[in-house]
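The block underneath contains the structure these notes are about, expressed in structure tokens.
Protein chains get the first letters and strands the later ones, always in sequence-line order, with residue 1 at the start of each. All heavy atoms count here, side chains included; hydrogens, waters and symmetry mates do not.
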Amino acid sequence: MTIRVRFAPSPTGFLHVGGLRTALYNYLFAKHHQGKLILRIEDTDRSRFVENATDNLINSLSWAGISFDEGPIQGGDFGPYLQSERLPLYKKFADVLIQKDEAYYAFDSEQEIEEMRNRLSAEKKDPKYDRMSMKNSLTINDNSVKEWINSGKPYVIRLKIPETGNVVFNDIIRGEVSVPCKDIDDQVLIKSDGFPTYHLANVVDDHLMQISHVIRGEEWLPSTPKHVLLYKAFEWDMPAFAHLPLLLNKDKTKLSKRQGSVAVEDFIEKGYLKDAFVNFIALLGWNPTSDREIYEIKELIELFNLEKVNKGGAVFDTQKLDWMNAQYLRKLPVGQLCEMLENELIKRNFPVKEKEYLEKVIKLFIERVNFINEIPEIADYMFRPPEEFDENLKIKEWKQDSPQIIKLYLETINNTSEFSHDTLYQITKQFCDENNLKLKNIAQLLRLMITGKSAGAGMFETMEVIGKKIVIERIENFLKNHS
RNA sequence: GGUCCCGUCGACUAGUGGUUAGGUCACCAGCCUUUCACGCUGGUAACACGGGUUCGAAUCCCGUCGGGAUCACCA
């Protein structure tokens, strides 16, 4: 059997990280089995249609490196891949169900349904569609039904759930799941606007597109029995089901916008590296062994299997993601890091520096950041004079006798022609010995005057990169203002 | 509330009857050191609870509790 899986988002906005993980697992599963990955857009809800949402979805997906074998853009033998373009199909299959007495027409108004629910609630019963007390093709005669339909008045088609028995199905991740039929509602299949509901459309399409495995979020688990019943009503073979654990907020509720960023776009914007992000997401709910954290996509494909997917939800905590981003950042070639840094500098209107200079800055700071965009923040002084000086550092290091010491020191370095880390280190060390000082004191004093900050890269390396002229300028300037 | 799913350190997880319950992030301490990081070493920290089954349970069964999802003419 050839493996065919699909990612089936509805285009209602941006790609959610949970959606990305679902797509990723589908992708890994497909690639692992040399199968096909299909993108199907579930746009059967006209009221929630969002312009450009599909493009956004595809952009985020392709940023993450998830490509599809079939879909609305690349096409395929099982199209169209937009549900809104498959409308006649659903109607046809709904009619099949009516013929087989597995579904029925219903003519109730919204208000009538609400009244029914209120009545049921008052009687302490489940507010399910109360088939026999309502207006539908089960309760009114055939002629009236025909008349209603021919008159063009709105109606829906509902699935006729068996009254007794259980729906039992197997989930690859959870094992056997069983639900009593009496707890399942007569699901609307075709809405009064003629569009199918998700339930009908997804079953029909999965069948027609020959989907072998339905891999989707756990939020679909409660409605899976309806889908199972649908397959049975059509007498179709069922795909295998795998319901993925949810991605959670810190408070363990389903990951949502209210508690922080959830759009993949936001994470791209924040500067996360694609490989780091994918690596991290992949390990949220699945682990090959747990003695390793960093995996290339190739390895993920090789190792992935649904059986090892966890059952419990996973809190989406970005702390480890940040660490992982740093790991990937440090593996990147310097040239690429330079380009990234350059973009960040331009974005901030920092003075433009040549590539060689940026390379040196990268080398100084790459071990100190999780994101490239942190460099302009923590190392602004590499690009322009410090605008302020750390007060605490000043109080701690700038003593009564500091001006004299620095003046003396200034003379020493003024006389050196070679302004490299090694020579600066030697000179400073010697200077300290001669003046009975500790290297530490001078270094921190220099840091204060040249960078204004208490933390940074090695001071002599920093001075080497900034260069003699500017270093001396900054020291003199500081002396002028602090004598 | 009904139904379904789930329950190992703060977080991500390994574990499938016998382990001092392991790893990673975070946190703490020490080392390194011109500061901050990196790195290295060490540390705090978990099997929700109660019954069984068994010579022996994190692992199997039942119950309790807790958490979540879902109950639309949304997906």
Between the side-chain atoms of R48(A) and the base atoms of C74(B), is any donor-acceptor pair under 3.5 Å?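 Donor-acceptor pair under 3.5 Å: yes.
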Kindly indicate whether the side chain of R174(A) and the base of C5(B) share any N or O donor-acceptor pair separated by less than 3.5 Å?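 Donor-acceptor pair under 3.5 Å: no.
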Closest listed nucleotide, where the reference is the side chain of [X] and the choices are [options]:
X	options	answer
D183(A)	C38(B), C74(B), G2(B)	G2(B)
A314(A)	C38(B), C5(B), U13(B)	U13(B)
V179(A)	U3(B), C12(B), A14(B)	U3(B)

Using purine N1 to pyrimidine N3 plus N6-O4 or O6-N4 for Watson-Crick, or N1-O2 and O6-N3 for G-U wobble, each under 3.5 Å, what pairs with G1(B)?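 Base-paired to C71(B).
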Do any N or O atoms of the protein come closer than 3.5 Å to N or O atoms of nucleotides 19-23 of chain B, and which pairs are they?
unit_1 : atom_1 : unit_2  : atom_2 : d
G22(B) : N2     : S290(A) : OG     : 2.5

Given the C1' atoms of U19(B) and U8(B), what is the spacing between them in whole Å?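 Approximately 14 Å lies between the C1' atom of U19(B) and that of U8(B).
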Any base atoms under 4.0 Å from [X], or only sugar-phosphate, or nothing? Heavy atoms, all strands.
X	result
G217(A)	nothing
G456(A)	base
D322(A)	nothing

5' priority, RNA chain B, between S47(A) and E176(A) [closest heavy atom]: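 Nearest nucleotide further toward 5': that of E176(A).
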Most 5' of S454(A) and S10(A) on RNA chain B, judged by nearest nucleotide: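 Residue closer to the 5' terminus by nearest nucleotide: S454(A).
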Take the protein atom CG of D317(A) and the nucleotide atom P of C27(B), then report the distance between them rounded to whole Å.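 It is 12 Å, rounded to the nearest whole Å.
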Listing time: all N or O pairs from protein to nucleotides 31-34 of chain B that are below 3.5 Å?
unit_1 : atom_1 : unit_2  : atom_2 : d
U34(B) : O2     : M459(A) : N      : 3.4
U34(B) : N3     : M459(A) : N      : 3.3

Tell me, for nucleotides 63-73 of chain B in 5' to 3' order, what letter each nucleotide earns: B for a base near a protein heavy atom under 4.0 Å, S for only sugar-phosphate near one, - for neither? ----SSSS--B
So for atom CD, which belongs to E114(A), do other residues, nucleotides or ligands contribute more than 12 heavy atoms lying within a distance under 6.0 Å?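 At most 12 heavy atoms, drawn from other residues, nucleotides or ligands, come within 6.0 Å of this atom.
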